[in-house]
Q: 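Starting off with a structure, shown below.
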Amino acid sequence: MTTVRTRFAPSPTGYLHVGGARTALFSWLYARRFGGKFVLRVEDTDLERSTEAAEQAILDGLQWLGLDYDEGPYYQTQRFERYREIARQLLDEGLAYHCYCSQERVDAVREAARSQGLKPRYDGHCRDRHGAAPAGVTPVLRFKNPLDGEVVFDDQVFGRIAVANSELDDLVLIRRNGAPMYNFAVVVDDSDMRITHVIRGEDHINNTPRQINILQALGAHVPQYAHVPLIRGGDGKKLSKRHGAVSITQYRDEGFLPEAMLNYLARLGWSHGDEEIFDLDRLTQLFDVADVNRAPSVFDQDKLRWLNQHYVKAADSERLQALLSEQFDALGLDAANGPPLAETVEALRERAPTLADMAHASDYFYSEFDAFDEKSAKKHLTVGSAPVLQRLQECLGKVENWQRPPLEAAVTQVSEALSLKMGKVAQPLRVAISGRAATPPIDVTLALVGRERTLSRLSKAQEYVAARTAGAES
RNA sequence: GUCCCCAUCGUCUAGUCGGCCUAGGACACCGGCCUCUCACGCCGGCAACAGGGGUUCGAAUCCCCUUGGGGACGCCA
């Protein structure tokens, strides 16, 4: 039995988007599940659009997700000689031909077909051309696609698909500049690299019959195909920037955890009963492309956030601290200017879906906030809160041991002394020291904000209330 | 336009080759409990088999049509 060999073959013309990441994951999982090899191949035949930056972004994305490859990366630009060799072979065997048609003629032919309600196709003008080649014209090499019959293949996801050869035209194998076209390079590579299972996006389903025809002309083995449905945006359209982040590294930068992304991606189009939580080991043990759904699915950030929250709650503290530190850097916050990161992480890990959220929710521990949140101040820093704030200022000022128990005792003492419910005391205090109405428990918040900042912010809050009172009286 | 494909709650999906489905789970949403706020957690609720024909004792599950949606038609990948 031949070993399974799958591949991920991105073209370095943009970042790694979530759809690509998912097909990479599926290919990786399939190889792992069946003890095979996962090959990485960079399809950089488009010399104009390929960039090193894009390639790096793709590699970074794969590494972040932990999708390691056993072979590669192979580069198609380094295999041009091989493509030309095969092209020559096809030409010699009469399975391909030179085409001297101008771009204008080809466009005109397509346009004519379209206006007649037909599929735009090359008309095979040069296929049966006789006589000398036109002088001064560099030809492209076209494949002699079979004229009749049909191509049938059993897709592991979609089942049997049949396409009539009459629907296909003679596609270009080698362009005028000598570079191979996608469909040709893919076929040569998949064959040379002994790929057994081609797992790719559904948008390639129409390329498959063409590729199979070329493979057969080459006398090469036809691999198993598995086309994965595309990921859509909330409006049903192809996922794009309009729908939010699509770049995998952007999710990384926004403080998502790779295990959450992997879990989410795996569940998009695939499931195992009612299970929702899967780690890579579990997936490796259960995943099969044959179980992937046929219908396209919509990328739901809410569910991704929920999963991320789940993993944040379970993550190792030191790891979260390092990640939070990166978020601080991005926000220009100095972790040295506040409580230990470990304490911040503990206080916020259950109330921050992402590390970016955590950073935003803890900024007031490390820097002064510009202003009180308007709504919160209006509701809690009222005229009536003046005596509360004053009493808090006194009692907290006396706390020497700035730890949670004595801090909580102080706050409780104020509420009892003024015969006020805890909420009437804690909320004004909370807004005063954090600028907002939602923070961790008040004793935790006090401890994290620190003595000095608490007392100075309490003073500011009292000034704010006083100013507000004056404004109300005038 | 032509070809290919798809169709269960708003979203991700379960639904073994038809009966156990008065269609299950999760996210989101709504309500409750907990409670100093938020969050977590727990409890409860709302919500779907696109429509129409068949086949069958019986269909979300099989077949056909309609409708809707997507993809592909490049000297891009």
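Each chain gets a letter, A, B and so on, in the order the sequences are listed, and its residues count up from 1. In what follows, every heavy atom counts, from backbone to side chain, and hydrogens, waters and symmetry copies are set aside.
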Q: Using the P atoms only, state how far B/U67 lies from B/U11, rounded to an integer number of Å.
A: 22 Å
Q: Which is true for A/A295 with a 4.0 Å heavy-atom rule: it touches a base, it touches only sugar-phosphate, or it touches nothing?
A: sugar-phosphate
Q: Report the distance from atom CZ of A/R142 to atom C1' of B/G74, rounded to the nearest whole Å.
A: 10 Å
Q: State whether the distance check finds a donor on one side and an acceptor on the other, under 3.5 Å, for side chain A/K303 versus base B/A26.
A: yes
Q: Less than 3.5 Å apart, any donor N or O on the side chain of A/H197 or A/S27 sitting next to an acceptor on the other?
A: no
Q: Using a cut-off of 6.0 Å, state whether more than 12 heavy atoms not belonging to A/N177 lie near its atom CG.
A: yes
Q: Can you confirm if the NZ or CZ of A/R142 lies within 45° of the ring axis of A/Y122 and under 6.0 Å from the centre of its six-membered ring?
A: yes
Q: Run the side chain to side chain contact (heavy atoms under 4.5 Å, CB included) test against A/E150 and tell me which residues pass, sequence neighbours left out.
A: A/V152, A/A162
Q: Please give the distance between the C1' atoms of B/G31 and B/C12 as a whole number of Å.
A: 24 Å
Q: Specify the separation, in whole Å, of atom OH of A/Y225 and atom P of B/C5.
A: 17 Å
Q: Between B/G25 and B/A48, how far apart are the two C1' atoms, rounded to whole Å?
A: 14 Å
Q: Would you indicate which nucleotide in B/A26, B/G74, B/C12 comes nearest to any side-chain atom of A/M181?
A: B/G74
Q: With a 4.5 Å heavy-atom cut-off, do A/K303 and A/R267 have their side chains touching?
A: yes
Q: Is A/T439 close enough to B/U37 that one of its side-chain N or O atoms is under 4.0 Å from OP1 or OP2 there?
A: no
Q: Write down the distance separating the P atoms in B/A23 and B/G70, rounded off to the nearest Å.
A: 31 Å
Q: Determine the contact category for A/G234: base if any of its heavy atoms lies under 4.0 Å from a base atom, sugar-phosphate if only primed atoms, P, OP1 or OP2 are that close, otherwise nothing.
A: nothing
Q: How would you label the contact of A/P440 with the nucleic acid (heavy atoms, under 4.0 Å): base, sugar-phosphate, or nothing?
A: base
Q: When you measure from the side-chain N and O atoms of A/S271 to the phosphate of B/G25, is any distance below 4.0 Å, counting only OP1 and OP2?
A: no
Q: Tell me whether the side-chain N or O atoms of A/R294 pair up with the base of B/C6 as donor and acceptor below 3.5 Å, since no angle test is needed here.
A: no
Q: Taking only the C1' atom of each, what is the distance from B/C65 to B/C43 in whole angstrom?
A: 47 Å
Q: Within the 4.5 Å heavy-atom criterion, are A/E202 and A/F158 side-chain neighbours or not?
A: yes
Q: Just how far, in rounded Å, is C1' of B/C5 from CG of A/N207?
A: 14 Å
Q: Measure CG/A/D155 against C1'/B/A72 and give the value in whole Å, please.
A: 15 Å
Q: In whole angstrom, what separates A/R110's CZ from B/C73's P?
A: 10 Å
Q: So, under a plain 3.5 Å distance rule, would you say the side chain of A/R430 forms a donor-acceptor pair with the base of B/C36?
A: yes
Q: Rounded to whole Å, how long is the line connecting atom CD of A/E275 with atom C1' of B/C27?
A: 17 Å
Q: From A/R404 CZ over to A/I442 CD1, what is the distance, rounded to the nearest 0.5 angstrom?
A: 12.0 Å
Q: Work out which heavy atom in A/I174 is nearest to a heavy atom in A/A87; give both atom names and the distance.
A: CG1-CB, 3.8 Å
Q: Report yes if a side-chain nitrogen or oxygen of A/S297 is closer than 4.0 Å to either non-bridging phosphate oxygen (OP1 or OP2) of B/U11; otherwise report no.
A: no
Q: Over all strands shown, is A/L268 touching base, sugar-phosphate only, or nothing at heavy-atom distances under 4.0 angstrom?
A: sugar-phosphate
Q: Respond yes when some side-chain nitrogen or oxygen of A/K379 is under 4.0 Å from OP1 or OP2 of B/U37, and no when none is.
A: no
Q: Heavy atoms only, 4.0 Å cut-off, all strands: where does A/R49 land among base, sugar-phosphate and nothing?
A: base
Q: Classify A/H204 by what it touches in the nucleic acid, base, sugar-phosphate, or nothing, heavy-atom distance under 4.0 Å.
A: base
Q: B/A60 and B/G18: how far apart are their P atoms, nearest whole angstrom?
A: 13 Å
Q: Mind checking the C1' distance from B/U61 to B/C4? Whole angstroms is fine.
A: 24 Å
Q: Just how far, in rounded Å, is P of B/U16 from CG of A/D288?
A: 18 Å
Q: When only distance counts, do a donor and an acceptor, one from the side chain of A/E276 and one from the base of B/G25, lie under 3.5 Å apart?
A: yes
Q: Base, sugar-phosphate or nothing for A/L304? Non-hydrogen atoms, less than 4.0 Å.
A: nothing
Q: Can you tell me if the side-chain N/O atoms of A/N293 get under 4.0 Å from OP1 or OP2 in B/A14?
A: yes
Q: Indicate, with a heavy-atom threshold strictly under 4.0 Å, whether A/E167 touches base, sugar-phosphate, or nothing.
A: sugar-phosphate
Q: Using atom C1' of each nucleotide, how far apart are B/C42 and B/C34 to the nearest Å?
A: 8 Å
Q: Between B/U2 atom C1' and A/K119 atom NZ, what is the distance in whole Å?
A: 6 Å
Q: Once you apply a heavy-atom cut-off of 4.0 Å, does A/P441 come out as touching a base, just sugar-phosphate, or nothing?
A: base
